[in-house]
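Below: one structure, written as structure tokens.
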Amino acid sequence: MTVSTLLADLQLLTPELLLSVGAMALLLIGVYTKGEAKAAQRIMTLATALLIIAAGVSVWMAQSPGGTAFYGAFVLDSFSLYAKTAIYLAGAVALVLAGHYLRAEQLARFEYPVLVTLAVTGMSVMVSANDLITLYLGLELQSLALYVLAAFNRDSLRASEAGLKYFVLGALSSGLLLYGSSLVYGFAGSTAFDAIAVAAAEGGENMGLLFGLVFVISGLAFKISAAPFHMWTPDVYEGAPTPVAAFFATAPKLAAMVLLARVLMEPFGPMTEQWQQVTMVMAVLSMAFGSFGALMQSNIKRLMGYSSIGNMGYVLVGLSAGTALGLWSVLFYMTLYVIGVAGAFAVILSMRRSEGMVERIEDLAGLSQTRPALAWSMTALMFSIGGMPFMIGFFGKLFVFYAAVQAGLIWLVILAVLFSTISIAYYLRVIKVIWFDEPNGDFLPAPAGPALVSRLAALVAVSMPVVGVIIALVVNAGAGIGG
């Protein structure tokens with residue numbers, strides 16, 4: 001590799017280099033800043049600015065033709081750039097949501113934003129992976145940071161338990177992924193996506209490659225909380241600090257789903273009929289576990305965990321189509337889902353009383369009388385996440401269902417509609433508590449960060465023009481990946 005080739009390759013990694021070097025610089029600044037609170041506040045501000053700058057760089061790089069780096073192991077295209085921009089912005093929003101909570105709970109340490117930045121760097125590598133080794137490196141960089149974040153509150157038994165569960169099950173998923181990758185390498189003769197695609201197209205009934213594919217899907221399914229690899233989600237959402245749960249529910253989900261879509265549509269595109277069967281089973285199980293599991297929850301963070309499982313099932317319905325339209329529907333749904341969930345967790349982070357944070361659904365009783373702005377925001381966001389008509393979330397479900405119908409998966413769409421109808425019950429339950437139950441206490445005024453995020457997300461949730469803008473963006477992004 002010549003110097004000019006190396007520089008050309010590194011140019012394609014500009015956002016990743018910016019984030020990784022920036023994270024190291026932030027770590028040094030934090031170490032040498034006197035006063036823990038001062039260091040935490042300074043690094044939080046700088047990390048948020050760094051992520052926003054990285055998003056701006058990604059938008060700017062969208063004007064370039066893209067290409068591959070390091071002998072094809074890393075790819076930069078419209079698909080990855082769209083995902084990176086969304087991931088960076090979601091990471092910045094997660095830091096905005098975390099600031100007040102960490103200070104109030106005496107958890108404000110400069111390591112938090114550094115870990116978030118490193119996790120986002122891993123996600124950025126994931127969505128540009130064009131090789132199984134690059135895929136694994138990005139995935140583990142993300143995962144190692146997330147394990148620490150889950151147990152960030154070292155004095156909390158719940159947080160320690162959440163971190164341990166996430167680590168143990170995450171190690172299991174990494175093992176599945178590595179075993180599947182080794183099978184794929186053995187039967188395809190390469191870890192490069194292009195070479196795997198050739199082997200998949202020429203291999204006929206290559207059972208070894210198929211077994212490898214199933215293990216790879218299983219490893220990635222853990223990262224998106226798809227059943228039957230969902231068991232960690234409710235416990236980790238409940239036990240981890242609330243801003244950590246908000247982060248888990250947004251950027252990592254988006255990155256893992258984009259990675260899964262790339263893996264299935266590019267290297268394993270010729271085996272669509274085989275992997276469709278796996279994704280359809282996971283879609284049905286996810287929708288079932290998510291819908292019925294959430295009905296029995298009294299903790300709103302656990303409810304959001306089961307809601308996440310169910311929503312990943314709907315995304316898998318669109319992915320199961322195996323078409324360009326299905327790919328667009330995945331990006332579209334995930335974008336709307338991230339917006340809605342970020343807003344919902346902003347409301348949850350506003351559920352603070354003089355004695356501390358509260359998490360029970362019944363604590364929202366009478367919110368319409370005590371905090372009407374918060375009540376309207378939560379109502380719009382619950383309707384949107386639930387896919388109610390005239391909310392942007394409805395168009396997300398409509399898009400994935402339409403993609404599946406076009407692919408002939410009518411039976412899957414019928415099941416999805418039934419589970420979606422069931423899921424409306426637990427969203428309506430939250431809204432009923434907000435508007436019709438008698439107040440049992442008032443919340444303290446919402447912190448500036450969560451208040452801003454909740455109101456902006458609620459405004460987007462009812463803004464129909466946003467739908468057209470996002471559709472245009474995802475169609476352009478989807479043109480960057482093979483179908």
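Here the structure is a predicted model, which is why all the values come from computation and not from measurement.
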- side-chain hydrogen bond (donor to acceptor under 3.5 Å, both in side chains) evaluation trace for Asp77 with Ser80: CA-CA 6 Å; Asp77 51 21; Ser80 60; 3.0 Å; yes
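- The two atoms that bring Thr233 and Ser225 nearest to each other are OG1-OG, 2.9 Å, heavy atoms only.
- Phe79 places a side-chain heavy atom less than 4.5 Å from the side chain of Leu327.
- Counting heavy atoms from C-beta on, the side chains of Val93 and Leu89 never come closer than 4.5 Å.
- The number of heavy-atom neighbours closer than 6.0 Å to OH of Tyr147, taken from other residues, nucleotides and ligands shown, is above 12.
- Residue Tyr402 places its OH atom among 12 or fewer non-hydrogen atoms of other residues, nucleotides or ligands, all under 6.0 Å distant.
- Listed here is the closest heavy atom pair of Ala457 and Ile339: CB-O, 3.6 Å.
- Proximity of the aromatic rings of Phe248 and Tyr166 is defined here by a centroid distance below 6.0 angstrom, and this criterion is met.
- Between Ser174 and Phe222 the shortest side-chain heavy-atom distance does not fall below 4.5 Å.
- Counting all heavy atoms, side chain and backbone alike, Met24 lies closest to Leu118 at CE-CD2, 3.9 Å.
- Met304 is listed as a side-chain neighbour of Ile348, based on a closest heavy-atom distance under 4.5 Å.
- Using a 4.5 Å heavy-atom threshold, the side chains of Ile471 and Trp328 count as separate.
- One distance of note links CG of Leu409 with CD1 of Ile414; it measures 11.5 Å at 0.5 Å rounding.
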- Full working for side-chain contact (heavy atoms from CB on, under 4.5 Å) between Tyr112 and Thr117: CA-CA 9 Å; Tyr112 184 92; Thr117 305; over 6 Å; no
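- Proximity of Phe229 to Leu220: side-chain heavy atoms (C-beta onward) are nowhere separated by under 4.5 Å.
- Distance check, rounded to the nearest 0.5 Å: CE of Met351 to OG1 of Thr242 gives 9.0 Å.
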- For side-chain contact (heavy atoms from CB on, under 4.5 Å), just list the numbers for Met357 and Glu105, CA-CA rounded to whole Å, side-chain angles, deciding distance to a tenth of an Å, and then say yes or no. CA-CA 9 Å; Met357 294 291 297; Glu105 300 294 324; 3.6 Å; yes
- Task: For side-chain contact (heavy atoms from CB on, under 4.5 Å), just list the numbers for Val474 and Tyr82, CA-CA rounded to whole Å, side-chain angles, deciding distance to a tenth of an Å, and then say yes or no.
- Result: CA-CA 8 Å; Val474 300; Tyr82 176 89; 3.5 Å; yes
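- Put simply, OG on Ser454 and CG on Leu459 are 11.0 Å apart, with the number rounded to the nearest 0.5 Å.
- Atom CD1 of Ile87 sits about 7.0 Å away from atom CE of Met123, to the nearest 0.5 Å.
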- Task: Decide yes or no on side-chain contact (heavy atoms from CB on, under 4.5 Å) for Met334 and Met312, but give the supporting numbers first.
- Result: CA-CA 9 Å; Met334 288 305 300; Met312 292 307 102; 3.8 Å; yes
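- For Phe401 against Ala416, the heavy-atom pair with the smallest separation is CE2-CB, 3.4 Å.
- The two residues Ile309 and Phe289 make their nearest non-hydrogen contact at CG2-CB, 4.5 Å.
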- Dump the intermediate steps for side-chain hydrogen bond (donor to acceptor under 3.5 Å, both in side chains) on Tyr333 and Asn311, then the final yes or no. CA-CA 9 Å; Tyr333 193 105; Asn311 276 282; 2.4 Å; yes
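- At most 12 heavy atoms of other shown residues, nucleotides or ligands fall within 6.0 angstrom of atom CH2 in Trp60.
- Taking CG of Leu107 as the reference point, atom CZ of Arg154 lies at 9.5 Å (rounded to 0.5 Å).
- The side-chain contact (heavy atoms from CB on, under 4.5 Å) with Phe443 is formed by just one residue from the set Thr370, Leu367, Val347; it is Leu367.
- At most 12 heavy atoms of other shown residues, nucleotides or ligands fall within 6.0 angstrom of atom CH2 in Trp376.
- Tyr337 contributes atom OH, which lies 10.0 Å from atom CE of Met257 (distance to the nearest 0.5 angstrom).
- For the pair Leu177 and Leu135, the minimum side-chain heavy-atom distance is below 4.5 Å.
- Side-chain atoms of Asn440 come within 3.5 Å of backbone atoms of Glu362 as a donor-acceptor pair (strictly under, hydrogens ignored).
- Remark: side-chain polar atoms of Arg262 are paired, donor with acceptor, to backbone N or O of Val127 under 3.5 angstrom.
- The shortest side-chain heavy-atom distance between His230 and Ser286 does not fall under the 4.5 Å cut-off.
- For the residue pair Ser307 / Tyr426, no side-chain donor-acceptor distance below 3.5 Å is found, with atom types taken as modelled.
- Salt bridge Arg158/Glu359: present, at least one basic N to carboxylate O contact under 4.0 Å.
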